[in-house]
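Predicted model, so just to flag it, every value in this text is computed and none were measured.
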Protein chains: 2
Amino acid sequence: MDQSDQPTERESELELPNKSAVPISLVTIKAACSQCSLHELCLSEGLSKEELAKLDILVGARRKLKRQQSLYRVGDTFEALYAVRTGFFKTDILLEDGRDQVTGFQMAGEILGMDGIGGGAHSCNAVALEDSEVCVIPFSQLEQLSREIQTLQHNFHKVMSRELVRDQGLMMLLGTMRAEERLAAFLLNMSQRFTARGYSAAEFHLRMTREEIGSYLGLKLETVSRAFSRFQEEGLIAVQQKHIRILDGEGLKRLLNHQPR
Amino acid sequence: MDQSDQPTERESELELPNKSAVPISLVTIKAACSQCSLHELCLSEGLSKEELAKLDILVGARRKLKRQQSLYRVGDTFEALYAVRTGFFKTDILLEDGRDQVTGFQMAGEILGMDGIGGGAHSCNAVALEDSEVCVIPFSQLEQLSREIQTLQHNFHKVMSRELVRDQGLMMLLGTMRAEERLAAFLLNMSQRFTARGYSAAEFHLRMTREEIGSYLGLKLETVSRAFSRFQEEGLIAVQQKHIRILDGEGLKRLLNHQPR
DNA sequence: TTATCGTATTGACATGGATCAAAGCGACCA
DNA sequence: TGGTCGCTTTGATCCATGTCAATACGATAA
């Protein structure tokens, strides 16, 4: 089986010394931003050695989650942000009538939980789509430290702002694009994010179901499935369940731009 | 003509001493957060007298915009945030092929420009939908001051976070709701925001066209128009061009929740 | 090996909203 | 006062996607 989406060298850096299964999910090992390979994606970019050391102290613990476990739920008191260390998450909102909307998929180096700052409680659910690990960043301490360290402050602001821009892109997608454009945009986005993490741009394993993709893209799962099949027929991609190989990235990009309107 | 959406007492507080038309749009009068009636909506909530004074110094100038004038455009270098003082704005993104998506409507007390922090340049356009005035908040100075004033720092983080939550709501709307639900949600949201500013909850003047509403809601202008007509037939609202009167707010809310799916 | 369950694919058909087109309405200007 | 222009409303038709249903696939467990 092809494992092109597993960059082994990085993986070793992230490995915990203790591999035995721990029954409690809150592990008290220091996260050590200073050692982390996700620097440039996370909050610690551009920090000096001393500043990194302070951040290390702040990031108190890691938390492991099994597949399908919730990191937080709607209404949970907001206390901390979470940096994805390994694994894959989705965030979603559930309406009373059962409709739900996946609002994002998060992978290593991305920050979860910022939705809770404004109201003191989380406004969405965050669920691990595979066994995962996050760094816990107590928020009041982050605010305190970012009053000391200008670079950290600015990094955090950038992270939030980029999230706003990402949301704008998703609104554009949901508001104006047709089904195949949406899926093409989704695949290209995934590819680009995997690339940024040292994985293959052309071949990857989707951690979410068709239904979750559909929810994210504002489509029904059948429509997602049909679009996948169509892309395959047209030689743009090779699909085998959750395993995707992009054969013609340019073709996908073309789908995005000159659409009939 | 009914002017129920104009709270005259507040208006007087916000009046400039100099009413003559100024040809330049960048006016060098101090904004004076300490005097502003939009406290609780803006960044200055909970600040002490001394802290407010510092914020006053920071907020260097106001800027006036005529209807249809841009506050900033995609690609403009990011330098400042803007607090809407009076008037009404939209933000939108334009695709090469002409499609565009309105990503938000902003009214008094709301902050514009946060999209620019992450990338150093603005990622959307901000356009005044009526003659408007904003407070200019140079961003690096805001960061500096919010390193000094914890409350200011936290207020700013709350503002950004609430924007993220707003975006989530819009994703839910765009991803899962049908046309009439979307319009009902839009009207209730407008009503709620006007109320928070001391205007009538039941009667207001929309500053945007049907096309702009449609773009925001992911619908065509004809669909928006038809939904308005339908609501009127059903006695939920009275529409006269851009003037809206809500006759049955509960009825609108009912539309939102138990939808057939 | 076979049974089961969640997930994915595919087909047939229904429908909500888009599209195209024609009036209607109001504001502004000459 | 009439004319123009931007915006809105309304009707007729079309089509992309949703809905419903059957089947297939793959992983896991017995």
Side-chain angles (χ1 to χ4, degrees), chain A residues 1 66-68 90 97-102 127 129-131 173-184 186 205-234 237-244 255 259-261, chain B residues 1 66-68 90 97-102 127 129-131 173-184 186 205-234 237-244 255 259-261:
Chain A
M1 197 163 292
K66 292 251 162 252
R67 196 171 117 80
Q68 304 292 25
K90 72 168 177 184
D97 58 14
R99 286 182 287 187
D100 81 317
Q101 174 73 24
V102 171
V127 181
L129 293 184
E130 59 180 17
D131 293 1
L173 179 146
L174 291 168
T176 74
M177 294 186 184
R178 331 160 103 273
E180 296 193 359
E181 288 182 274
R182 294 184 196 198
L183 190 65
F186 170 75
H205 192 81
L206 295 174
R207 273 72 173 179
M208 69 293 281
T209 65
R210 299 287 187 264
E211 186 167 21
E212 287 163 334
I213 297 172
S215 169
Y216 181 62
L217 300 177
L219 301 169
K220 291 294 159 186
L221 67 96
E222 294 93 331
T223 306
V224 173
S225 180
R226 277 186 245 272
F228 270 126
S229 301
R230 179 80 82 93
F231 286 177
Q232 178 149 261
E233 280 166 29
E234 287 166 356
I237 62 174
V239 196
Q240 211 170 3
Q241 302 280 112
K242 294 193 157 90
H243 191 87
I244 304 290
L255 267 184
Q259 222 18 236
R261 194 175 10 161
Chain B
M1 195 160 295
K66 293 251 164 250
R67 195 171 115 82
Q68 302 292 27
K90 71 168 177 185
D97 58 15
R99 285 181 289 186
D100 80 318
Q101 174 74 23
V102 170
V127 182
L129 293 183
E130 62 181 16
D131 293 2
L173 180 146
L174 291 169
T176 74
M177 294 186 184
R178 336 160 100 277
E180 295 193 359
E181 288 183 272
R182 294 184 196 198
L183 191 65
F186 170 76
H205 192 82
L206 295 174
R207 271 73 174 180
M208 69 294 281
T209 65
R210 300 286 187 263
E211 186 168 18
E212 286 163 334
I213 296 172
S215 170
Y216 181 63
L217 300 178
L219 302 169
K220 291 293 158 186
L221 67 97
E222 294 94 330
T223 305
V224 172
S225 180
R226 277 185 246 271
F228 270 126
S229 301
R230 178 80 81 92
F231 285 176
Q232 178 149 262
E233 281 166 29
E234 287 167 357
I237 61 173
V239 196
Q240 211 169 7
Q241 303 280 114
K242 294 193 157 88
H243 191 87
I244 305 289
L255 266 184
Q259 224 15 237
R261 190 166 24 149

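For dT10(D), the OP1/OP2 oxygens have a side-chain nitrogen or oxygen of S229(B) closer than 4.0 Å. For dT9(C), the OP1/OP2 oxygens have a side-chain nitrogen or oxygen of R210(A) closer than 4.0 Å. Contact annotation: T223(B) does not reach the phosphate of dG17(C) (side-chain N/O to OP1 or OP2, under 4.0 Å). Note on K242(B): every side-chain N or O is 4.0 Å or more away from OP1 and OP2 of dG26(C).
Among the nucleotides dT19(D), dT17(D), dC7(D), the one closest to the side chain of T209(B) is dC7(D). Set against dT17(D), dA8(C), dG17(C), the side chain of A179(A) has dT17(D) as its closest nucleotide.
For R182(A) and E222(A), each mapped to the nucleotide of DNA chain D holding its nearest heavy atom, the one lying further toward the 5' end belongs to R182(A).
Summarising the geometry, the separation between CD on E212(A) and C1' on dA8(C) is reported as 14 Å, rounded to the nearest angstrom. dC7(D) atom P lies 16 Å from atom CD1 of I244(B), rounded to whole Å.
Heavy atoms of L219(B) sit under 4.0 angstrom from primed sugar atoms or phosphate atoms, though from no base atom. Within the 4.0 angstrom heavy-atom criterion, only backbone atoms of the sugar-phosphate kind lie near G218(B); the bases stay farther away.
Other residues, nucleotides and ligands contribute over 12 non-hydrogen atoms within 6.0 Å of the CD atom of E222(A). Residue E211(A) qualifies as open at atom CD: its count of foreign heavy atoms under 6.0 Å is 12 or below. Counting heavy-atom neighbours within 6.0 Å of Q68(A) CD, excluding the residue itself, gives a total above 12.
Side chain R226(B) to base dG11(D): a donor-acceptor pair is found below 3.5 Å. Residue side chain R230(A) does not reach the base of dT9(C) through any donor-acceptor N/O pair under 3.5 Å, judged by distance alone.
A side chain to side chain contact (heavy atoms under 4.5 Å, CB included) with R230(B) holds for exactly one of E234(B), Q232(B), R226(B); it is E234(B).
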